[in-house]
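Values in this document were obtained by computation on a predicted structure and should not be read as measured data. The basis for the numbers below is simple: all heavy atoms, side chains too, and nothing from hydrogens, waters or symmetry mates.
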Amino acid sequence: MPSMSDYKKRRKQSMNDLTAKLDKLNSNQKSYEDDRLWKIERDKAGNGYAVIRFLDAPEEETAPWVRLWHHGFQGPGGWYIENSLTSIGQKDPVSEHNTSLWNSGVEADKDIARQRKRKLNYYSNILVIEDPTNPQNNGKVFLFRYGKKIFEKVNDCLNPEFQDEPKINPFDFYEGVNFKLKVRMVEGYVNYDKSEFDKTPKPIAENDDAISEIWGKCHSLQQFLKPENFKTYDELEAKFLRVVGSTHRDTTSTVEDDVADETEYPSVSSEDDDKLDYFKQLASEDA
């Protein structure tokens with residue numbers, strides 16, 4: 001028969017052990033927030049302002065950005081929120097199903113394909129020059145996630161439309177330019193049209209040692225394209241079929257790229273719930 005006196009002696013230790021195990025469990029839960037990522041903070045009206053400097057490719061990497069495609073939509077079987085294998089040049093089941101729907105010639109199928117389409121984000125390293133709301137970020141290197149609208153401004157800087165506009169590499173440490181990020185709400189949409197690059201190039205720091213220090217703090221961009229960040233084709237297809245059902249023609253809700261999503265979402269698994277919060281935030285911050 002168990003000894004209650006022994007039990008009473010170890011009650012306090014049991015509480016400590018359980019607390020330690022709970023702390024370990026909580027610390028091991030997957031989080032979709034990344035404290036290396038900087039994001040502009042907006043006021044209640046949805047407006048925000050900051051000055052950043054795009055940084056050149058990290059050492060031993062060749063490009064100052066990476067592209068990452070993902071899907072975020074809801075079907076009868078729940079939410080499908082996953083990175084797309086097309087990001088790493090592989091076939092993706094959702095893209096293949098979308099192509100099939102699009103080629104069916106049925107307009108309703110095309111609508112579903114549009115709703116399930118890939119969403120695109122870019123990642124670059126940046127130096128925060130001026131963050132009025134969080135001045136503790138000034139002078140620090142972060143990762144920056146942005147969308148097609150800001151990338152178009154990057155492209156315009158590298159490939160100006162008119163002859164009287166200077167051709168500038170905004171990522172260059174010596175002859176790059178600061179980027180003024182200006183966010184506002186226009187008819188319920190997050191808008192970045194007023195964001196702009198400076199016209200006068202200047203070094204990012206006062207000397208080579210200071211520039212080298214900044215460069216050394218850059219985060220790997222190729223990390224986002226590592227195979228472990230993607231499920232296999234078979235895993236993705238199995239989840240896709242669970243979400244949409246066998247007909248592939250069910251009504252689909254999406255996590256949109258450029259619209260702040262205020263939808264009330266249904267209950268999902270804890271992991272998918274974390275993902276959903278992440279992608280809702282990503283959607284409302286599309287840049």
Side-chain angles (χ1 to χ4, degrees), residues 31-56 64-70 72 81 119-158 168-171 176-202 204-205 214 217-219 221 224 254-265 274-287:
S31 172
Y32 291 88
E33 290 292 336
D34 189 336
D35 58 11
R36 300 170 303 167
L37 278 170
W38 176 85
K39 60 182 179 181
I40 189 169
E41 190 166 328
R42 293 183 278 146
D43 60 24
K44 293 181 179 179
N47 302 320
Y49 173 83
V51 181
I52 62 176
R53 178 74 173 256
F54 285 92
L55 302 180
D56 213 337
W65 69 74
V66 292
R67 301 193 312 170
L68 188 65
W69 295 94
H70 66 271
I81 301 172
K119 312 299 191 302
L120 175 61
N121 280 107
Y122 297 83
Y123 288 83
S124 290
N125 283 286
I126 61 165
L127 178 70
V128 175
I129 305 298
E130 180 184 355
D131 185 343
T133 307
N134 298 289
Q136 69 274 13
N137 292 331
N138 296 347
K140 295 181 180 179
V141 173
F142 291 91
L143 289 165
F144 180 47
R145 180 182 62 229
Y146 56 104
K148 59 185 179 181
K149 297 173 185 176
I150 286 182
F151 190 78
E152 287 172 357
K153 292 182 179 293
V154 171
N155 183 66
D156 290 343
C157 198
L158 287 163
I168 298 172
N169 177 2
F171 299 96
V177 286
N178 291 345
F179 184 66
K180 297 176 182 177
L181 185 59
K182 302 175 182 179
V183 188
R184 58 200 178 110
M185 296 297 294
V186 178
E187 297 180 351
Y189 291 78
V190 180
N191 185 283
Y192 298 87
D193 289 348
K194 289 186 175 293
S195 299
E196 60 183 346
F197 283 100
D198 286 344
K199 301 301 182 185
T200 305
K202 63 180 180 180
I204 198 168
I214 292 171
K217 294 178 180 178
C218 286
H219 305 281
L221 300 175
F224 292 103
T254 62
V255 179
E256 292 294 343
D257 262 349
D258 53 2
V259 180
D261 194 335
E262 300 296 336
T263 306
E264 288 295 327
Y265 294 98
D274 288 342
K275 282 187 177 182
L276 184 56
D277 289 342
Y278 168 77
F279 278 105
K280 284 175 65 178
Q281 177 182 321
L282 181 153
S284 67
E285 296 168 358
D286 173 53

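Side-chain contact between W38 and D131 is present, with at least one heavy-atom pair separated by less than 4.5 Å. Within the 4.5 Å cutoff, no side-chain heavy atoms of V51 are placed close to those of D198. Side-chain contact check for F144 versus N125: every heavy-atom pair is 4.5 Å or farther apart.
Contact record, R67 with L120: CB-CD1, 3.8 Å, taken as the closest heavy-atom pair. Closest approach of M185 and V190 over heavy atoms only: SD-CG2, 3.8 Å. Heavy atoms only, all atoms of each residue included: A50 and I40 are closest at N-CD1, 3.9 Å. Heavy atoms only, all atoms of each residue included: L37 and F142 are closest at C-CD2, 4.3 Å. The shortest heavy-atom contact between C218 and D56 is SG-O, 4.3 Å. Closest non-hydrogen pair, V183 versus R42, comes out as CG1-CD, 3.4 Å.
To the nearest 0.5 Å, atom CZ of residue F179 and atom CD1 of residue I150 are 4.5 Å apart. Here the CD1-CD1 distance, from I204 to I214, works out to 4.5 Å after rounding to the nearest 0.5 Å. Remark: Y146 OH to L181 CG distance equals 12.0 Å, nearest 0.5 Å. In this structure, CG on N138 lies 9.0 Å from CG on L127, to the nearest 0.5 angstrom. One distance of note links CD1 of I81 with NE2 of H70; it measures 9.0 Å at 0.5 Å rounding. A distance of 13.5 Å separates CD of E152 from OH of Y192, quoted to the nearest 0.5 Å.
Every residue two or more places apart in sequence or in another chain was checked for a side chain to side chain donor-acceptor pair (under 3.5 Å) with W69, and none qualifies. Every residue was checked against the side chain to side chain donor-acceptor pair (under 3.5 Å) condition with N47, not counting sequence neighbours, and none meets it. Listed by chain and number, the residues in a side-chain contact (heavy atoms from CB on, under 4.5 Å) with N191 are R184, V186, D193 (sequence neighbours excluded). In this structure, the salt bridge (charged side-chain N to carboxylate O under 4.0 Å, His left out) partners of K182, at least two apart in sequence or on a different chain, are E196. For D156, there are no side-chain contact (heavy atoms from CB on, under 4.5 Å) partners, not counting sequence neighbours. Contacts of K140 classified as salt bridge (charged side-chain N to carboxylate O under 4.0 Å, His left out), with partners at least two apart in sequence or in another chain: none. For Y49, there are no ring pair (Phe, Tyr, Trp, His ring centres under 6.0 Å) partners two or more places apart in sequence or in a different chain. For the side chain to side chain donor-acceptor pair (under 3.5 Å) test, no residue two or more places apart in sequence or in another chain qualifies with N178. Legend: residues meeting salt bridge (charged side-chain N to carboxylate O under 4.0 Å, His left out) with K217, ordered by chain and number and at least two apart, are E213. Residues meeting the salt bridge (charged side-chain N to carboxylate O under 4.0 Å, His left out) test with E41, sequence neighbours left out: none. Under the side-chain contact (heavy atoms from CB on, under 4.5 Å) criterion, N169 pairs with L158, F171, D172, sequence neighbours left out.
Side-chain N or O atoms of K153 include one that pairs as donor or acceptor with a backbone N or O of S195 at under 3.5 Å. In this structure, the side chain of D34 engages the main chain of R36 through a donor-acceptor pair within 3.5 Å.
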